[in-house]
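Here is the structure we will look at, set down as structure tokens.
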Amino acid sequence: MSTTTAFAPEADQTGGSRDLSVYIHVPFCAVRCGYCDFNTYTATELGGGGSQREYPANAMREMDLTLADDAAHGIDYDRVSTVFFGGGTPTLLPADDLVAMLSHLRSLVPFAPDVEVTTEANPDSVTPESLRTLVEGGITRVSFGMQSAVRSVLATLDRTHDPERVPQAVAWAKDAGLSVSLDLIYGTPGETVADVETSVRAALACDVDHLSAYSLIIEGNTAMARRLRHGEISEPDPDDMADKYELIDDLTSAHGLQWYEVSNFARTTAERCRHNLAYWRGADWWGIGPGAHRHRRGMRAWNVKHPSRYAGMLAQGVLPVQESEQLTEQDRLLERIMLELRIADGLPVEEVPGQTRGMLAVHRDRGHLDPHALAEGRAVLTREGRLLADAVIRDLVP
């Protein structure tokens, strides 16, 4: 099903309370990184109505229309449990703009007392003053895009920040009262295992309670993919990536951080990113902003991508939805297997279809699934299983 005027999930028949997560996409970057295929724009790429200055009002208008669309379809959420400002670089906007969007959202749907509110940021896009403004406005958590501590790796990734700025930004954030996460990328062409160790040790030296480490994927429509096609760089080697992942796992574990999702590590359960867990567990969320995705009651939808078209539809009082689809029960089962198997809590065995359930024992015997967890009714990946997660998932999907 497709629509550009409304987002029409099934009405809630449960009568129970429902939590809502909200993702707010801020599609602006100072520089487009060569590996990035996210829906982001530098100032020179923007058309009318889609400027950074106009963006907060547009996002708040979409919130209003989304709430009205919910009401029209008999859907009501009790509270917002998590909010995530992603991008792009949300902190390219003035801190007051992020706070204004958050305050408007709070006026529409009550916030949980322990609401988690995260913003992504580049280390060079914050100041002590801006971070204090964010905390005073209700932001609780910041995720800095560190990517690497090695200058040559940052240059290959087209990252512009000075690696020495990272510990300074982390210290500012902590002083302001924010929980801090650092994001790393490993597998950059030319990066050595020693480079990865340097980066992980530098991140851990900041004494953060959460670390994300994502393997580089060279997407087909990026500047880095063009360099690969021209022979300027080499494609990441799977064995090298596995060695780097095992190193990351060893170093984080030694520092007291444990994996809770294949690419995410936290010191305690309380430090896990609850917003991302909501995605992995199939919760409902609003997606606000150009190109943002949303999920409600088994209906998935995504917005038009360009900020100017997004702004134009909102000016006409129309939800800027490009397409939507109703997930079938089979779709939802497959997604549950794909997502929940990636988290440390694992997947209930009874959710695995009967025709593939026998593969659980096969992967247990191969060392890919924890035998103790499996005996207790949950499929949980071992470290070797995490390295082969996609293959395990394929064998469990009918």
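- In this structure, OH on Y310 lies 6.0 Å from CD1 on I288, to the nearest 0.5 angstrom.
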Assess whether salt bridge (Lys or Arg N to Asp or Glu O under 4.0 Å) is satisfied between R132 and E129, documenting all intermediate values. CA-CA 5 Å; R132 284 196 295 270; E129 294 74 23; 3.7 Å; yes
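- How far CG of N122 is from OG1 of T160: 6.5 Å, rounded to the nearest 0.5 Å.
- In this view, D175 satisfies the side-chain hydrogen bond (donor to acceptor under 3.5 Å, both in side chains) rule with no residue, not counting sequence neighbours.
- A salt bridge links R297 with D284: the distance from a Lys NZ or Arg NE/NH1/NH2 to an Asp or Glu carboxylate oxygen falls below 4.0 Å.
- With contacts defined as side-chain heavy-atom distances shorter than 4.5 Å, the pair L93/Q52 qualifies.
- Under the 4.5 Å side-chain criterion, counting only non-hydrogen atoms from C-beta, L319 is in contact with E62.
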How far apart are the C-alpha atoms of N303 and H25, what are their side-chain angles, what is the distance that settles it, and do they pass the side chain to side chain contact (heavy atoms under 4.5 Å, CB included) test? CA-CA 11 Å; N303 285 347; H25 185 65; over 6 Å; no
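- Linking ILVMFWY side-chain heavy atoms closer than 4.5 Å, directly or via other members, places V362 and V349 in a single hydrophobic cluster.
- Between T89 and C29, the closest side-chain pair of non-hydrogen atoms falls below 4.5 Å.
- Salt-bridge annotation for D240 and K244: present, with a side-chain N of the basic residue lying under 4.0 Å from a carboxylate O of the acidic one.
- The heavy-atom pair separating R383 from D249 by the smallest distance is CD-OD2, 2.8 Å.
- At a threshold of 4.0 Å, the pair E246-R386 does not count as salt-bridged, since none of the basic side-chain nitrogens sits closer than that to a carboxylate oxygen.
- Proximity of P90 to I24: side-chain heavy atoms (C-beta onward) are nowhere separated by under 4.5 Å.
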Might you work through the side chain to side chain contact (heavy atoms under 4.5 Å, CB included) test for V170 and M146, ending with a clear yes or no? CA-CA 10 Å; V170 170; M146 175 181 176; over 6 Å; no
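- Look at D124 and R159 and you find no salt bridge, because none of the NZ, NE, NH1 or NH2 atoms lies under 4.0 Å from a carboxylate O.
- Taking the side chain as every heavy atom from C-beta outward, Y77 and V22 never approach each other to under 4.5 Å.
- For the pair L381 and R342, the tightest heavy-atom approach, listed with the atom from each and the gap, is CD1-CA, 4.5 Å.
- Residues L102 and G138 share a closest heavy-atom pair of CD2-C, 3.8 Å.
- Under the side-chain contact (heavy atoms from CB on, under 4.5 Å) test applied with F144, the options V208, D183, V180 reduce to a single match, V180.
- Residues S199 and V153 form no side-chain contact, since every pair of their non-hydrogen atoms from C-beta on lies 4.5 Å or further apart.
- Each of S143, S181, S179 was checked for a side chain to side chain donor-acceptor pair (under 3.5 Å) with H210, and the lone residue meeting it is S181.
- Inter-residue side-chain proximity for L182 and C206 is flagged as met; some heavy-atom pair is nearer than 4.5 Å.
- Side-chain atoms of T252 come within 3.5 Å of backbone N or O of I248 as a donor-acceptor pair.
- Side-chain atoms of S107 come within 3.5 Å of backbone N or O of H104 as a donor-acceptor pair.
- No donor-acceptor contact under 3.5 angstrom links the side chains of D195 and T198, judged on distance only.
- Neither side chain, D69 nor T66, offers a donor N or O lying under 3.5 Å from an acceptor on the other.
- A continuous path of Ile, Leu, Val, Met, Phe, Trp and Tyr side chains, each step under 4.5 Å between heavy atoms, connects V193 with L251, placing both in one hydrophobic cluster.
- A salt bridge links D162 to R151: at least one charged side-chain nitrogen sits closer than 4.0 Å to a carboxylate oxygen.
- Panel note: side chain R294, backbone G287; a donor-acceptor pair is recorded below 3.5 Å.
- In summary, the side chains of D370 and T382 do not present any donor paired with an acceptor at a separation below 3.5 Å, with no hydrogens or angles considered.
- With respect to the salt-bridge test (charged N to carboxylate O, under 4.0 angstrom), the residues D331 and R300 do not qualify.
- In terms of modelled atom types and a separation under 3.5 Å, the side chain of R378 and the main chain of H372 share no donor-acceptor contact.
- Nearest approach of W280 to N264, heavy atoms of both residues: CH2-ND2, 3.6 Å.
- Taken to the nearest 0.5 Å, the OG atom of S212 stands 10.0 Å off from the CD atom of Q147.
- The distance from the CG atom of L105 to the CG atom of L67 is 9.5 Å, given to the nearest 0.5 Å.
- A donor-acceptor contact shorter than 3.5 Å is absent between the side chain of E271 and the backbone of A266.
- Within 6.0 Å of the CE atom in M241, the count of heavy atoms belonging to other residues, nucleotides or ligands exceeds 12.
- Checked against the 6.0 Å centroid threshold, Y55 and F28 count as a close aromatic pair.
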Does L178 form a side chain to side chain contact (heavy atoms under 4.5 Å, CB included) with V135? I'd like the steps, not just the answer. CA-CA 7 Å; L178 289 162; V135 171; 3.4 Å; yes
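- Between the side chains of H295 and Y23, no donor-acceptor pair of N or O atoms lies under 3.5 Å.
- Residue V318 is grouped with residue M63 when hydrophobic side chains (ILVMFWY) are merged at heavy-atom distances under 4.5 angstrom, including chains of intermediate members.
- Here the straight-line distance linking atom CZ of R357 with atom CD of E351 works out to 9.0 Å at 0.5 Å rounding.
- Under the rule for a side chain to side chain contact (heavy atoms under 4.5 Å, CB included), the partners of E116 that lie at least two apart in sequence or sit in another chain are T82, T118, T140, R141, C273, R274, H275.
- Looking at heavy atoms from C-beta onward, T119 lies in side-chain contact with L134 at the 4.5 angstrom threshold.
- Clustering ILVMFWY residues whenever any of their side-chain heavy atoms sit less than 4.5 angstrom apart, transitively, puts L154 in a cluster other than the one holding L211.
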List the steps and the verdict of side chain to side chain contact (heavy atoms under 4.5 Å, CB included) for E335 and R332. CA-CA 5 Å; E335 288 198 357; R332 297 173 82 168; 5.8 Å; no
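- A tilted orientation is assigned to the rings of Y186 and Y245, their planes being inclined by 30° to 60°.
- The aromatic rings of H293 and W302 lie parallel to each other, with less than 30° between the two planes, well short of the 60° mark.
- Interatomic distance, CG of D395 versus CG of D390, reported as 11.5 Å (0.5 Å rounding).
- Minimum heavy-atom separation, D207 to H255: OD1-NE2, 4.2 Å.
- Between A169 and L131 the shortest heavy-atom distance is O-CD1, 4.2 Å.
- Within the 3.5 Å criterion, the main-chain N or O of S308 finds a donor-acceptor partner in the side chain of H306.
- The hydrophobic clustering, which links ILVMFWY residues whose side-chain heavy atoms are closer than 4.5 Å, places L334 and L327 apart.
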